[in-house]
K.L.:
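Here it is, the structure in full.
We name chains A, B, ... by the order of the sequence lines, and we start the count at 1 in each one. Treat the numbers as computed from the prediction; the structure is a model and nothing was measured.
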Amino acid sequence: MQKGNCLGRTIFCLKIGAPKELRKKNLIMEFNFTEIEKKWLANWEKNGTYQVSNDSDRPKYYVLDMFPYPSGSGLHVGHPLGYIASDIFARYKRLKGYNVLHPMGYDAFGLPAEEYAISRGIHPADSTQENIERYRQQLESIGLSFDWSREVRTSDPKYYKWTQWIFTLLFNHYYDKDAETARPIFDLITRFEQNGNLLVQASTTYEGEFTATDWARFSRKEKDDILMQYRLAFRSVGYVNWCEALGTVLANDQVKNGLSERGQHPVELRPMTQWFLRTTAYADRLLSGLDTIDWSESLKAIQRNWIGRSEGALVRFELKGLEESLPIYTTRPDTIFGVTFMVLAPEHELVEVLTTAEQQEEVAAYVKYVAGRSERERQAEVKEVTGAFTGAYAIHPFTGAEIPIYISEYVLKDYGTGAIMAVPSDDERDQAFAKAFDIPIIDVIDKSDYPDAGLHDKVGRVINSDFITGMEVPEAIAEIINRIEEKGIGKRGVNYKMRDAGFSRQRYWGEPIPIVYDEDGLASSLPLDELPLELPEVSEFRPTADGRSPLSRAEDWVHLPDGRVRETDTMPGTAGSAWYFMRYTDPHNEEAFAGKKAIDYWQNVDLYVGGSEHAVAHLMYSRFWTKFLFDLGYINFEEPFKKLINQGMIQGVIEIAYLKQKDGQNYFISADLVGDDVRGYSEFFVPIEFVTDYGKEHSYLSEEGLRKYVEWKPEFANAIFEMPGGVFQKGVFTPKDGGECRFVTHSETGKMSKSRYNTINPDDIIAEYGADCFRMYEMFLGPIEQSKPWNTNGIDGISKFLRRFWALFYDADGRWLVTDEKPSAEALKVLHQTIKKALYDIERFSFNTCVSGFMVAVNDLRKMKCHSQSILEPLVRLMAPFAPFITEELWGKLGNEGSVHQSTYPDFDEKYLVESTVDYPISINGKKRAVVAFPADASKEDIEKAVLDLEIVQKWVDGKPIKRLIVVPGRMVNVVV
RNA sequence: GCCCGGAUGGUGGAAUUGGUAGACACGCAGGACUUAAAAUCCUGUGACUUCACGGUCGUGCGGGUUCAAGUCCCGCUCCGGGCACCA
């Protein structure tokens, strides 16, 4: 353990609480985990114990953690939860005979790293390097069995060369919907040259049609514009989430409730020319792929929701007196006879064309009103009905009726066609709008047969609807779409909520987009031999005031000698993390993103562990990039992560002090004086290391704690702290009626974070209890997927357990106890039961119950005073994945060569588990009344007979006739009277 | 509003998938050792009731299926997470 610069340690006594200092001494006397850890870390590194080869006869298994952002705060105890779980599994699989790839790296690009660097006024590369070193130290001290020779960093040019390369592939491919695969853009050009775009079924935003002759006549610029609309990485003017405070564009998933996820700054929609990835091309495959992978239902639900597939129809409505027609998308074409008005998004391109002279003013005013509203305002006032009449009318395709056209912000420009046919009888929002604007309502669905159905359920009988009247809804939908298609006014259609992903960031610390523009502004990608395109040095990392990327400051870099200019936007953080798992298979390859042989051997990740906060962004992009590379034949799998586990969050204790200001004086009021009504108080987070008994109901700041708090927050040097026992000010406590200085703080459970001053550093826990204890305690806390609060109370239980385990090998004076005596049948039974349970529990990732199984075993063996080598040696191997240090030490002491982590996992033998008797619970009328032992081989009949003779049964039966006698062999007996 | 989870002692949690509810651990209480404390060890610990043997109740609430329900079904309540004017 190299902990030279570990800042957290000096205050560790405060954090853990002083009384435990004494325990620490006692611990070290029994076994010196610090020494043991140091010794084996060095040994493992020297011997390359955890290095893995791409050449092996053994079956492969790939265990991966979501790699961290190396933030400046280092790890807190919440971070390693997933790492420990995956490490246990990786170690287990290795012992089970698999060739296990278990690497680690750093997601070093992106906003957090850059913000941190800017705040410290240093180069992001330097701060990143610094942070990585700290992370590495912390990760190693936990005893995680990573193959560090495979470490990757997304900010390393050797790595991002290939991120850029994949981007150029995306740029040079389009999505062929017929073949359901990505194809080279050159093929598309050939097809255009032969037939125009008439036969091309592709994912595109291009709506026009052209022939081969047209194509030949198009200018270079026109051709380029069209091709751009087919590329999988493309440049387009789009409404983007612009965040003024961060000075950058954000992806949809980085915006929550109109605020930036990072920093909570307001975000507005702005039209800008940006790079996008055509993720929508893969929408269907991203959706159907979910059925092939082992992820939690909730995670799949989030992704399905994000993709948001719906089926319906696209219908064109003729416009009265105009050439143009109005396309709409609906999931309820069966309600078309109930249409009484149409609504367009205010930004819809037809608004200007449609609006009549008389309505010009009103419409313009409304459009202006909407444009001036922030996303936040729109979302906050969802129920408010606003809109304007355009003066124009559409023609109903079946009745010929004239339908008024309105604009309203409840119709979104980006979803469907940005226009709807409004059916007020069967849609709440349409209904609200119709009522507000006094538009008639026609009932078209009779739901009287479905009393429980909601407005949106696709059930009922169609009424008032000409040729579909009388049909049930599903039948009516099919029929009306047929008619629409026959009439040539529309077609069956599928729609997605998912949008193409914005891929431009006006940020310094990211991969430069490897694109150059010629004098006509036409984009071309850099060839592989010009990659990596390295980040230039710039004078200032912040974005420019007009929203251009900081890279634009590097004039020499931007302007090429031949007059071309470089793209100055950088890629988002999700770029490097979209494919990093592939790089680990062949991390030093300079000729390819990963060698064919390596990636074909390791393939996709068998077990992926990480936080659910990446449910959408990272996991969606990763799946998209994987499918794309699969289409191009670079890899032979279509999903990146076969099984995924989201570890829960470890929550911390939040300590709060209440402040009231009066006449410019700060009064802190002890929580027991504040009561439940905290209105009128400001809340301040108190660093938990100042608080006595933090996390407990009565947690308080002692006189010493108050002094520390004031010293830490000098602006409160003169503040008055009021508590029941007296008053504290300027370092002096004035008691009242002989009271004590106890300033009570309010405790809550919540996220652990630097800003709440409640992080617990694993270094401190490891220093006091050892890495093995830390690992096992995190596992013992509860099911891996559950969130749970951290408290150090329970850690003593694990610490005791490890010392008892050690005590099976050594007595209190350090004498070796292990003998080669023949083990007793009971001891063998304990061992084999434990092995059986461990196998069962590890396979289902139930690590908490597995630890409890070890506890039971150690308790039992201790009672038996079992020191038999043939019991303890397998037990050491069994526990090795959980407690790698102590088991490695004991493995050597048991006289074994090599590492326990390269041995084999024990297996159990049923023969030791056979019981001669089985305890049967005897129930009478379903209530347990007794437990009786019967021979294990007793037949059903024997048991039946014996049960009836039992005194207890006689007593309960009490002469009444026995209706039924149920005997489940090996389980239980139930007598029904 | 919609979707996905969840609710078990004072606490974290367990229950072989319909078969002894509360494993394991924390906490608490009592005891041993100690001048004392810490550490360690032992005993007890769901609630109610009984001198005791024992009995009654008990897995968020209300019903149901079953010889048997924490587990399955129906209807709710509350908590956590996600989405949200998505036509």
Side-chain angles (χ1 to χ4, degrees), chain A residues 19-23 25-27 29-30 257 296-306 308 310 312 328-332 335 343 378-379 381-385 408-412 414-423 426-430 432-433 454-456 495-498 612-613 615-616 646 648-649 777 780-783 785-789 791-798 800-801 803-804 807 812 836-837 840-841 846 848-856 859 919-931 963-966 968 970-977:
Chain A
K20 290 185 186 155
E21 255 307 90
L22 288 159
R23 286 182 218 173
K25 269 186 210 145
N26 205 305
L27 265 179
M29 270 158 58
E30 289 187 38
N257 299 323
S296 74
E297 266 318 302
S298 75
L299 195 51
K300 287 186 184 182
I302 291 171
Q303 293 225 338
R304 286 194 188 105
N305 216 317
W306 181 261
S310 72
I328 58 99
Y329 172 75
T330 178
T331 55
R332 294 301 302 274
T335 63
V343 187
R378 278 182 81 144
Q379 285 175 13
E381 298 155 22
V382 155
K383 292 285 169 256
E384 204 179 304
V385 179
S408 174
E409 64 175 337
Y410 85 85
V411 173
L412 307 174
D414 286 333
Y415 186 76
T417 61
I420 61 160
M421 62 175 215
V423 184
D426 284 271
D427 183 282
E428 282 163 26
R429 297 146 307 168
D430 295 348
F433 193 88
L455 208 54
H456 278 276
N495 210 3
Y496 300 93
K497 279 198 241 177
M498 184 184 184
S612 58
E613 67 272 21
V616 178
N646 285 133
M649 200 172 26
Y777 180 57
F780 191 61
L781 232 34
E785 305 208 63
Q786 228 165 70
S787 286
K788 51 233 155 185
N791 63 72
T792 27
N793 301 338
I795 203 166
D796 287 333
I798 300 287
K800 259 186 246 177
F801 155 73
R803 278 174 282 160
R804 286 171 185 166
K836 189 178 180 181
K837 182 168 171 55
Y840 176 72
D841 285 342
S846 179
N848 56 328
T849 56
C850 196
V851 172
S852 102
F854 297 147
M855 288 175 168
V856 171
N859 288 345
D919 287 341
Y920 281 83
I922 313 291
S923 297
I924 286 119
N925 289 336
K927 280 199 170 133
K928 189 188 71 168
R929 295 296 175 184
V931 179
K963 271 199 219 150
R964 230 170 135 179
L965 183 57
I966 291 138
V968 184
R971 284 242 186 253
M972 45 71 65
V973 177
N974 194 10
V975 185
V976 185
V977 183

K.L.:
Once ring pair (Phe, Tyr, Trp, His ring centres under 6.0 Å) is applied, do any residues pair with A:F854, and if so which ones, sequence neighbours excluded?
P.N.:
A:F882
K.L.:
Can you tell me whether the base of B:G9 sits syn or anti, using the 90° cut around 0 to define syn?
P.N.:
syn
K.L.:
Who passes salt bridge (charged side-chain N to carboxylate O under 4.0 Å, His left out) against A:K497, sequence neighbours left out?
P.N.:
none
K.L.:
Taking ring pair (Phe, Tyr, Trp, His ring centres under 6.0 Å) as the definition, give me every residue that meets it alongside A:Y777, ordered by chain and number, with sequence neighbours left out.
P.N.:
A:W790
K.L.:
Taking only residues two or more places apart in sequence, or in another chain, which ones meet A:R304 in a side-chain hydrogen bond (donor to acceptor under 3.5 Å, both in side chains)?
P.N.:
A:D291
K.L.:
Sequence neighbours left out, what passes ring pair (Phe, Tyr, Trp, His ring centres under 6.0 Å) with A:Y496? Give chain and number order.
P.N.:
none
K.L.:
Apply side-chain hydrogen bond (donor to acceptor under 3.5 Å, both in side chains) to A:D426 and list each qualifying residue two or more places apart in sequence or on a separate chain.
P.N.:
none
K.L.:
Grab the N/O contacts between the protein and nucleotides 54-60 of chain B below 3.5 Å, and write none if there aren't any.
P.N.:
{"residue": "B:U56", "atom": "OP2", "partner": "A:R929", "partner atom": "NH1", "Å": "2.9"}
{"residue": "B:C57", "atom": "OP2", "partner": "A:K927", "partner atom": "NZ", "Å": "3.1"}

K.L.:
Listed by chain and number, what are the side-chain contact (heavy atoms from CB on, under 4.5 Å) partners of A:T331, not counting sequence neighbours?
P.N.:
A:S310, A:Y329, A:K458
K.L.:
Can you run through RNA chain B from 5' to 3' and write each base as (, ), [, ], | or . depending on how it pairs? Watson-Crick or G-U wobble, both distances under 3.5 Å.
P.N.:
(((((((..(((......[....)))((((((.......))))))((((....))))..(((((..]....))))))))))))....
K.L.:
Base, sugar-phosphate, or nothing: which does A:M972 touch, judged by heavy atoms less than 4.0 Å apart?
P.N.:
base
K.L.:
Kindly indicate, with the supporting measurements, whether the criterion side chain to side chain contact (heavy atoms under 4.5 Å, CB included) is fulfilled by A:I420 and A:D430.
P.N.:
CA-CA 10 Å; A:I420 61 160; A:D430 295 348; 3.5 Å; yes
K.L.:
Let me have a per-nucleotide readout for nucleotides 7-16 of chain B, 5' to 3', with B, S or -, counting only protein heavy atoms under 4.0 Å.
P.N.:
-----BSSSB
K.L.:
How would you list, by chain and number, every residue that makes a side-chain hydrogen bond (donor to acceptor under 3.5 Å, both in side chains) with A:T849, sequence neighbours excluded?
P.N.:
A:D841, A:S846
K.L.:
Among residues at least two apart in sequence or on other chains, which ones pass salt bridge (charged side-chain N to carboxylate O under 4.0 Å, His left out) with A:D427?
P.N.:
A:R429
